[in-house]
2 protein chains.
Amino acid sequence: MLKTPETRTDSKTKSKVREAAPANRILVGDCVSLMRDLPAGSVDMVFADPPYNLQLSGDLMRPNHTRVDGVDEEWDRFADFATYDRFTRDWLGAARHALKDDGTLWVIGSYHNIFRVGAILQDLGYWILNDIIWRKTNPMPNFRGKRFTNAHETMIWAAKSQDAKYFFAYEAMKNLNEELQMRSDWLFPLCTGSERLRDADGNKAHPTQKPEALLYRVLSSSTRVGDTVLDPFFGTGTTGAVAKRLRRNWIGIEREKTYAEVALSRIGQVEPAAEAELLEPPTKRSQPRVPFGWLVERGLLQPGTTLYDTRRRHSARIKADGTLVGANHLGEHNGSIHKVGAAMQGLPACNGWTFWHYVEGGQLAPIDMLRQRVIAEMH
Amino acid sequence: MLKTPETRTDSKTKSKVREAAPANRILVGDCVSLMRDLPAGSVDMVFADPPYNLQLSGDLMRPNHTRVDGVDEEWDRFADFATYDRFTRDWLGAARHALKDDGTLWVIGSYHNIFRVGAILQDLGYWILNDIIWRKTNPMPNFRGKRFTNAHETMIWAAKSQDAKYFFAYEAMKNLNEELQMRSDWLFPLCTGSERLRDADGNKAHPTQKPEALLYRVLSSSTRVGDTVLDPFFGTGTTGAVAKRLRRNWIGIEREKTYAEVALSRIGQVEPAAEAELLEPPTKRSQPRVPFGWLVERGLLQPGTTLYDTRRRHSARIKADGTLVGANHLGEHNGSIHKVGAAMQGLPACNGWTFWHYVEGGQLAPIDMLRQRVIAEMH
DNA sequence: CCCGTTAATGAATCGGCAG
DNA sequence: ACTGCCGATTCATTAACGG
């Protein structure tokens, strides 16, 4: 086991008492057995960049590299895919063991292997959340002019099961995209230039090093500060480097000791980003719940005050218990800000916080402004 | 069997003497048995848009409480993955029978089904040439904010075997793309507006009608004038309409008679293009949009870095999600580079790209310089 | 007829918590 | 496990409407 300088074994303080995974380490060896040795349900996310179909790289071809003719060919082909499928089932199963029930899995691949990976992970019970396209700004051209330029790779993002409560940093993703929802197609350049790790002779340290920007978006979309990320095909440690930068814990598994050594030295040079609060913008959903009645209790709104919608088409009065009463052609409506807002509009539901407004200096202001004031006082 | 006005049974003049498929017809019925009944090796290309097996459960409501009109047809319901896989193996096998040895297969799908389709077609001996991403300019948003906006669909383009001599219109594709090799990611809008077929009540004639532009590129990339294209899930006949326009022969198979009737009438109105017009003029590329967050992801700016205006009267710090945080006498401001720039100056609006500067070698440089660098990478 | 505003809609696997 | 309620959530485009 290789250790980083800043080795930590922070016992995570989550609700369930579980054994923590050994964080910020590289484990050298076979990822299937090493993942099975990790405590069950101990990591928040798995990012995997598995080898492509070995049939293509020749590893699964016959030793003499001959191709079989005729009837035998189909069997041979089946055998190759079957071997790759078995390998895929094994590591996806082991990852499932290490992954928390509410954790998520990312896998990246190309058309050579991604269809097999996707089908198998569905068979194992993973629930696909998105497939994400990494569009390359600078792909390798198709030199022979026989196909379209293969200008993308595919990632699958999946939860452990259909009803898992996975984490998605919706607001952070939206902020990264200038207030528009982040889409399933991402544009990044290949890993080249100074980011690309090379040995003393100038040769690539690893043939398929991924760009850090890609991992930056993956990790910030689906993990929180302090979470643990497991990468079973660690290579030269892009996942670990970005995890450290974003103040996530990481576990890398790598079979080749040479890669692991490069990765360890690389990660040692990474500086974690500025203060944690810069990394974790408060999401609306994680804010404390403030019932409307609290505003009345605190005197921010008086019983008897009239509330309006933005166009003053609807109005309702505040009762002392924090409910509203309003009337339209359908009759009188009593209840929560949400229920009355919905009833007045004839809709099945309504967010009363943004629908109802109070009058301040002749202007209408949403009652949500008052809630924000209360939330600010709670810190 | 439904017949078009211009019914033809041109005996194809290819090298091998083979029975020709009955072209420019819609066959109503089960595609598996009908494809098996076609002469073996009689079609040049298969384009298939099979059911996606969406597995939708309850209703999805938009934020304004209207209901999303999703796919709820009987033909998209399968008991489980095994049933869907059996169905997929059956139709892919039958298509293989009808397809010429040097013909190619196209299948379109989403993450719900495309991994299973891809794995099965590999198992059957098809050889994947490309996976093609249809990027949608106007996808439906993710209304609940729980995932990335699903903004693309995937097509697989495959030859019948590894050593097949398939056809690829390399030059035509390059011409369509301003003299650059055509890439594997294609950008098209959804089929809406006047192109979308509707019944007398204004309802969609088919829930999943594909845009003609998509088929235009598919057909011109991998068929020649006079070739025969088979679509086993014909629906309302987009494949037939574009094939006729491009002077290709077509065979449609459709189970629902209603769809077939709509398709036949639609195709009857199509005028074949003049020989000279068979290639569309290059489409103009629009200037790419680069959100500020991309600079942070790509490491051009670090979280925690301070930005200034030209005179250093204002400053703000970068957060990991690409927003800024700054403070003045009015309080703290959070948000996009534009929003915070405006708030710091007390102005209604501000172009953050030119307002904010970063420090490089003691000098201030506008962040727009970094954006230009990213745009340059995108061509 | 033009312009500004409002409404409609697209292959969608789209809660969470208290009680 | 089930029920009920709180309350969070949308982009690009076209068509319809209103003045």
| query | Roughly how many Å is it from CG in Leu56(B) to P in dC14(C), rounded to a whole number? | reply | 7 Å
| query | With a 4.0 Å cut-off on heavy atoms, is Glu179(A) in touch with a base, just the backbone sugar-phosphate, or nothing at all? | reply | sugar-phosphate
| message | Please name the nucleotide paired to dT13(C) by Watson-Crick or G-U wobble geometry with both distances under 3.5 Å, or report none. | response | none
| Which part of the nucleic acid does Ile128(A) contact within heavy-atom distance under 4.0 Å: base, sugar-phosphate only, or nothing? | base
| request: Determine the contact category for Asn150(B): base if any of its heavy atoms lies under 4.0 Å from a base atom, sugar-phosphate if only primed atoms, P, OP1 or OP2 are that close, otherwise nothing. | output: sugar-phosphate
| In whole angstroms, how far is the P atom of dT13(C) from the CZ atom of Arg77(B)? | 18 Å
| message | Using a 4.0 Å heavy-atom cut-off to protein, can you give one letter per nucleotide of nucleotides 4-9 of chain C, 5' to 3': B if the base is in contact, S if only the sugar-phosphate is, - if neither? | response | --S--B
| Can you tell me how far P of dG10(C) sits from CH2 of Trp134(B), to the nearest Å? | 13 Å
| Are Trp134(B) and Trp186(B) close enough that their ring centers fall under 6.0 Å? | no
| If you find the nucleotide of DNA chain C closest to Arg144(B) and the one closest to Tyr52(B), which residue's nucleotide is nearer the 5' end? | Tyr52(B)
| Side chain of Arg371(A), backbone of Trp353(A): donor and acceptor closer than 3.5 Å? | no
| field | 5' priority, DNA chain D, between Gln181(A) and Pro348(A) [closest heavy atom] | value | Pro348(A)
| Distance, rounded to the nearest Å, where Phe115(B) contributes CZ and dT13(C) contributes C1' | 13 Å
| field | Start and end of chain A contact along DNA chain D [non-hydrogen atoms, under 4.0 Å] | value | dC6(D) to dA12(D)
| task | Scan Thr208(B) against the nucleic acid and name what it touches under 4.0 Å (heavy atoms): base, sugar-phosphate only, or nothing. | result | base
| query | Touch check for Pro50(B), heavy atoms < 4.0 angstrom, all strands: base, sugar-phosphate only, or nothing? | reply | base
| field | Centroid-centroid distance, His112(B) to Tyr52(B), less than 6.0 Å | value | no
| task | Look at the side chain of Lys210(B) against the base of dA11(C) and say whether a donor-acceptor pair falls under 3.5 Å; ignore hydrogens and angles. | result | yes
| Going by ring centres under 5.5 Å and near-parallel planes (under 30°), is Trp127(A) stacked on dT13(C)? | yes
| message | Under 4.0 Å, counting only non-hydrogen atoms across every strand here, what does Ser336(A) touch: a base, just sugar-phosphate, or nothing? | response | sugar-phosphate
| message | Applying a 4.0 Å non-hydrogen cut-off, can you work out what Asp49(B) is touching in the nucleic acid: base, sugar-phosphate, or nothing? | response | base
| message | Assuming nearest nucleotide by heavy-atom distance, tell me which of Lys174(A) and Phe292(A) is located more 5' along DNA chain D. | response | Phe292(A)
